[in-house]
Every structure is written in structure tokens, then in C-alpha cells.
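Below is one structure; the comments refer to it alone.
These values consider heavy atoms only, across backbone and side chains, with no hydrogens, waters or symmetry-generated copies.
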There are 2 protein chains.
Amino acid sequence: MSLNKYNQIYREISNDIQEGRYEKDDVLPSEHRLVETFDVSRETVRKALNLLQENGFIQKMKGKGSVVIYDSSMDFTVSHLTSFKEIQQLKTKRYTTLAVELEQYPAEQFPHVMQALGLSPEDRVWQLIRQRKHEGQTHIVDRDYFTVEMFPGLSTKIAEDSIYEYIEKKLGLTIAYSHKEITFDAMTDEETELFDHSGPPYVATVRSVVHLNDARPFQYNISKHLASEFKFVEFSRRFHGE
Amino acid sequence: MSLNKYNQIYREISNDIQEGRYEKDDVLPSEHRLVETFDVSRETVRKALNLLQENGFIQKMKGKGSVVIYDSSMDFTVSHLTSFKEIQQLKTKRYTTLAVELEQYPAEQFPHVMQALGLSPEDRVWQLIRQRKHEGQTHIVDRDYFTVEMFPGLSTKIAEDSIYEYIEKKLGLTIAYSHKEITFDAMTDEETELFDHSGPPYVATVRSVVHLNDARPFQYNISKHLASEFKFVEFSRRFHGE
DNA sequence: GAGTGGTCTAGACCACTTG
DNA sequence: AAGTGGTCTAGACCACTCC
């Protein structure tokens with residue numbers, strides 16, 4: 001949807017880059033040209049270009065122009081340093097999801113969850129445990145916590161489809177930001193069972209707290225990945241604020 | 001330095017938040033008020049607020065205002081989910097750095113480096129190996145590669161101080177962005193020796209390619225962390241571009 | 001209805017790069 | 001000197017929230 005102009009321009013140019021109509025090291029048309037071709041003001045063009053820059057598509061250079069730094073031919077390369085944030089999702093392996101448990105508990109059972117979601121001991125929370133399998137092997141075990149109050153209709157059906165789609169499309173909530181933390185841990189006995197594994201008994205643990213656009217914490221997630229299968233990719237820009 | 005107004009406003013407000021003059025869940029003065037107090041236009045105020053939002057300080061809400069989501073009292077908490085990007089550096093443990101090797105090689109010796117930095121086989125590159133120690137224990141082993149041409153004056157002295165400061169202050173170059181990749185790997189025999197470890201024989205491997213603001217790749221870095229000591233923290237926003 | 005943030009405009013001046 | 005991006009302005013209209 002997103003009716004605003006700078007998002008449309010962003011989409012159009014980012015598609016052009018991803019589909020190879022602009023290649024790495026190409027220079028985009030100047031802001032002045034883009035103003036003409038899209039028939040918008042310069043600040044609007046600049047908002048689109050800033051989005052492209054934040055998301056790792058281009059690098060703007062004073063006096064020179066906007067240079068494409070994203071290499072679409074690398075899109076499906078696994079081998080080396082992969083590039084780009086939005087694409088990550090697409091590249092992900094296909095997993096089948098199996099909901100192992102979906103139960104309500106009083107929040108006091110899980111002090112970390114209580115703290116992260118700002119709950120009282122007696123508030124009720126869902127605990128959802130899911131296995132993510134790839135070619136018969138469990139690669140990921142997800143443990144999610146939601147407050148029952150905010151998410152009364154949670155079901156294993158939803159849990160095995162897309163929870164986020166349900167949240168945004170059905171509940172009309174908007175997910176805004178999250179804090180993530182990645183660590184390396186030995187498997188617990190329970191995990192040793194959930195991963196019907198043969199390899200080394202270590203996992204990459206990703207803990208995150210997900211917030212809505214009204215800043216309410218909505219979800220506490222602990223995602224355990226088979227350490228040998230885990231890869232995290234990030235594009236980041238250096239902050240020059242001084 | 002940065003003489004522009006929105007950066008000054010960003011700095012001022014972010015300091016106010018970090019030093020507790022605004023607390024979590026406080027609402028900042030409205031854009032209209034900020035226009036008056038800083039005597040700038042509204043778009044300028046908005047640029048500062050957008051920066052604060054991208055960096056995890058505030059959440060803007062239509063019709064309501066800008067709410068502080070950053071909790072300064074968590075600044076030095078190690079226990080739980082830590083927050084914020086810029087702060088990460090400050091929180092880092094104190095390490096002593098020991099340069100173990102600094103040598104020039106033809107780029108063809110390191111095909112990955114050659115590819116990432118876009119070099120020819122005969123181009124010369126520095127290989128720099130550094131140990132980062134904390135309380136006598138080696139926690140990190142860094143392997144860095146720079147082209148000799150771009151960084152002729154590299155020395156172990158610089159390598160044990162701050163390379164980035166040298167690059168930006170002395171060479172007048174500006175670091176702009178990087179691609180990172182995190183994986184967990186079994187220690188090689190060499191690493192087993194370098195880390196006089198007791199825990200699990202695994203390392204967190206962070207591979208990155210660092211680019212300058214003219215988009216030239218400048219540095220290839222492989223940073224191996226004692227897996228049991230490794231923690232990566234990220235604040236991220238969900239993209240709603242449709 | 002009053003106040004908030006979101007988008008967009010037309011124009012200005014500046015700093016940097018390239019010929 | 002011409003062309004590029006970086007910053008800033010003053011004003012407009014809209015959508016949302018809260019009373």
C-alpha cells in the first residue's frame with residue numbers, strides 16, 4: 001500500500017537495483033533528474049535516496065552522485081559475505097514449522113519474560129515452543145512468549161503459519177522495533193532432545209524483545225539455532241555525529 | 001564538529017536521554033515546541049527526531065508525540081537485554097592489544113581478501129594479527145587485511161592504538177559502512193593454542209568488509225572471539241515499505 | 001476542535017567534484 | 001563554471017489521538 005511518494009520511488013529504484021537494471025558501481029540519475037522523472041520535489045527524492053542508502057543499496061557522494069553498492073549478482077551466493085538486509089529473509093532456507101507446545105502460564109513462572117514485557121506476576125502469558133525443520137533435521141527451536149491479554153486468539157494453527165502476518169493483518173497491530181542479543185551456549189538436556197541431533201551440542205541463542213509502534217513490548221523470543229547451521233548477516237553504517 | 005543544526009539537536013537530546021533528564025516513557029516536547037526552543041524549521045527538528053528514532057532513543061507516534069524508549073538506567077547492566085548501538089562500544093570490556101604479526105603479502109595468498117577488496121593477484125596487502133587480552137586471557141584474535149597502497153604507513157604502534165582514529169584523523173579518510181557476518185566455528189589447532197582456553201573449543205567468527213565513503217572497500221577483518229565470552233547486541237527497526 | 005506527527009513543496013544557499 | 005549532493009526554510013495539507 002504505502003501511498004506516500006518517497007516510498008514508491010524507493011521501491012521502484014530498489015527493484016531496479018535488485019533486478020540488475022542498475023549494476024554495482026553505476027551512478028543513479030542526479031537528484032535534479034529524478035525530480036523531473038518522478039515529478040516531485042527534491043526533498044521527496046532525497047527521502048527515497050536516504051532510504052536506499054540506509055538499506056545498503058547506494059552510497060551518496062557529495063559532488064559526484066549516488067553510486068550503487070549493492071551487487072544483485074551476489075543475491076544467491078551463500079559462500080561469501082552476503083549483502084543486504086531485506087533480502088536476508090528471501091534467502092532463508094525453507095523450514096517446516098511444528099508447534100510443540102502452546103500453553104498459558106502465570107508470568108511469574110518466567111521472570112525474564114515478566115521483566116521484558118513489563119508484566120505483573122499474575123498476568124497470564126502464552127508459552128509457545130516451535131521446532132523449525134529443514135530436510136527432516138531440526139535446525140531451530142523457538143520459544144515465544146506473548147501476553148494472553150494482547151493476543152487472546154493465539155492457536156497452533158496461527159503459530160505454524162505466520163504469527164506476524166496475523167498480528168499485523170488480523171489484529172491490526174504494527175511491529176516497530178526490537179532488541180536482539182546473540183550468544184553461544186551449550187545445549188540443555190531438553191534441547192538435546194528437541195534437536196534430534198548428532199553434531200556438537202551447542203546452540204546460537206538469539207533473544208529478542210519485540211515492540212509495537214506504540215512502544216508496548218509485545219513478544220519475548222528465544223531462538224536456539226544449531227550452532228553449525230547459524231549465520232547472521234548485517235549491513236551497518238558508521239555514525240558520524242560528533 | 002559537524003556544524004549542521006539537526007546533528008546538534010540530536011546530540012543535545014540524546015545526551016539528555018542518556019543522562020536521565022528524560023526517562024523511559026517520557027514524552028519529548030512536541031515538534032512545534034522544539035521548533036521554538038531551537039529556533040529552526042520543523043523539517044530540521046524532524047531530521048533530529050528521525051535520527052533519535054533510528055538509533056533507538058525514541059518512538060514517534062502520530063497524534064501523540066515522541067516517546068523515550070531508551071532506558072538510561074540499563075546502561076551498565078550486563079545481565080539482561082542491553083539496548084543501544086552507540087553505547088555498545090563504551091560498555092565493552094577493557095582489552096589490551098598485542099600485535100602478533102604485521103607483514104606484507106601478495107594478495108593472491110588470500111583469495112577471499114582479494115575478492116572482497118577487489119584486488120589483483122600481485123597487489124600487496126598487509127596481514128595484521130592481533131590478540132585482545134582481558135585479565136591475562138586472550139578473548140579475541142583479529143586478522144585484518146589492508147591494501148598497502150591505501151595504507152602505506154601502517155605500523156604495530158598504530159595497530160595497538162586505534163587504527164580507525166589514524167585512518168580518519170591522519171589519513172583523512174572516512175569510514176562509511178560495512179558488511180558483517182557472524183558464525184560459530186570449531187577452533188582450529190592454531191586457535192586452540194592462541195586461546196589458552198578452558199571452555200568449549202568454539203569461536204564466534206565475525207567477518208567484515210569495511211568501506212570508505214567513496215565506496216572503496218578498505219579493510220577485510222576476521223575477528224575470532226572465545227565463543228563463551230561472545231555477545232552481540234542489536235537494535236533494529238522493522239521496515240514498513242510494502 | 002486542538003494538538004500531535006507525516007508528507008510534500010518551491011526555493012534558497014552552501015560545499016564538493018570535475019572539467 | 002557547471003553539476004552534484006547537503007542543509008535549511010516557511011508554509012501547506014493531511015491523518016491520527018484525545019478530550
- Pair listing, salt bridge (Lys or Arg N to Asp or Glu O under 4.0 Å) test, anchored in residues 151-161 of chain B, at least two apart: K157(B)-D161(B)

- Euclidean distance, atom CG of residue N4(B) to atom P of dG6(D) [Å, nearest integer]: 11 Å

- Query: How sharply is the helix from dG1(C)-dC18(D) to dT18(C)-dA1(D) bent, taking the axes over five pairs at either end and rounding to 10 degrees?
  - Reply: 10°

- Taking the side chain of R46(A) as heavy atoms from C-beta outward, which of dG5(D), dT4(C), dC8(C) is closest to it? dG5(D)

- 5' to 3', nucleotides 13-19 of chain D under a 4.0 Å protein heavy-atom cut-off (B base, S sugar-phosphate only, - none) gives ---BSS-

- Whole-Å distance, L28(B) CG to dT4(C) P, equals 13 Å

- Message: Is it true that Q115(A) and Y220(A) share a donor-acceptor pair across their side chains at a distance under 3.5 Å?
- Response: no

- Taking for each residue the nucleotide of DNA chain D with the nearest heavy atom, is it L49(A) or T44(B) whose nucleotide lies nearer the 5' end? L49(A)

- Is it true that E181(A) and K231(B) have a side-chain N and a carboxylate O under 4.0 angstrom from each other? yes

- Take the protein atom CZ of F38(B) and the nucleotide atom P of dA10(D), then report the distance between them rounded to whole Å. 17 Å

- Query: Taking atom P of dC8(C) as reference, at what distance in whole Å does atom CD1 of I9(A) sit?
  - Reply: 8 Å

- Message: Under 4.0 Å between a side-chain nitrogen and a carboxylate oxygen: does that hold for E168(A) and R238(B)?
- Response: yes

- Message: Heavy-atom nearest nucleotide on DNA chain C for K47(A) versus E31(B): which residue maps closer to 5'?
- Response: E31(B)

- Message: If you compare every side-chain N and O of S30(B) against the phosphate oxygens of dG3(C) (OP1, OP2), does one of them come in below 4.0 Å?
- Response: no

- Qualifying residues under side chain to side chain contact (heavy atoms under 4.5 Å, CB included), relative to P111(B), sequence neighbours excluded: none

- Message: Of the options dC8(D), dG5(D), dT9(C), whose atoms approach the side-chain atoms of K60(A) most closely?
- Response: dG5(D)

- Task: Just do the side-chain contact (heavy atoms from CB on, under 4.5 Å) check on F232(A) and K180(B) with the steps written out, would you?
- Result: CA-CA 8 Å; F232(A) 180 83; K180(B) 276 195 181 53; over 6 Å; no

- Summary of side chain to side chain donor-acceptor pair (under 3.5 Å) pairs that have at least one residue in residues 102-111 of chain B, sequence neighbours excluded: E101(B)-Y105(B), Q104(B)-R124(B)

- Message: I need the NE2-C1' distance between H32(A) and dG3(D), as an integer number of Å.
- Response: 10 Å

- Just do the side-chain contact (heavy atoms from CB on, under 4.5 Å) check on D26(B) and I17(B) with the steps written out, would you? CA-CA 10 Å; D26(B) 283 357; I17(B) 294 174; over 6 Å; no

- Would you kindly give the CD-to-C1' distance between Q53(A) and dG6(D), to the nearest whole Å? 11 Å

- Item | Phosphate OP1/OP2 of dT4(C): any S66(B) side-chain N/O under 4.0 Å | no

- Task: Take the protein atom CG of L51(B) and the nucleotide atom P of dC8(D), then report the distance between them rounded to whole Å.
- Result: 12 Å

- Item | Proximity to the side chain of S41(A) - top-ranked nucleotide from dT9(D), dG5(D), dA10(C) | dA10(C)

- Query: For M61(A) and dA15(C), what is the distance between atoms CE and C1' respectively, to the nearest whole Å?
  - Reply: 16 Å

- Is E12(A) salt-bridged to R21(A), going by a charged N under 4.0 Å from an acidic O? no

- Query: Can you name the residues that form a salt bridge (charged side-chain N to carboxylate O under 4.0 Å, His left out) with D123(B), not counting sequence neighbours?
  - Reply: none

- Among dT7(D), dT7(C), dG5(C), the nucleotide that comes nearest once only the side chain of Y6(B) is considered: dT7(D)

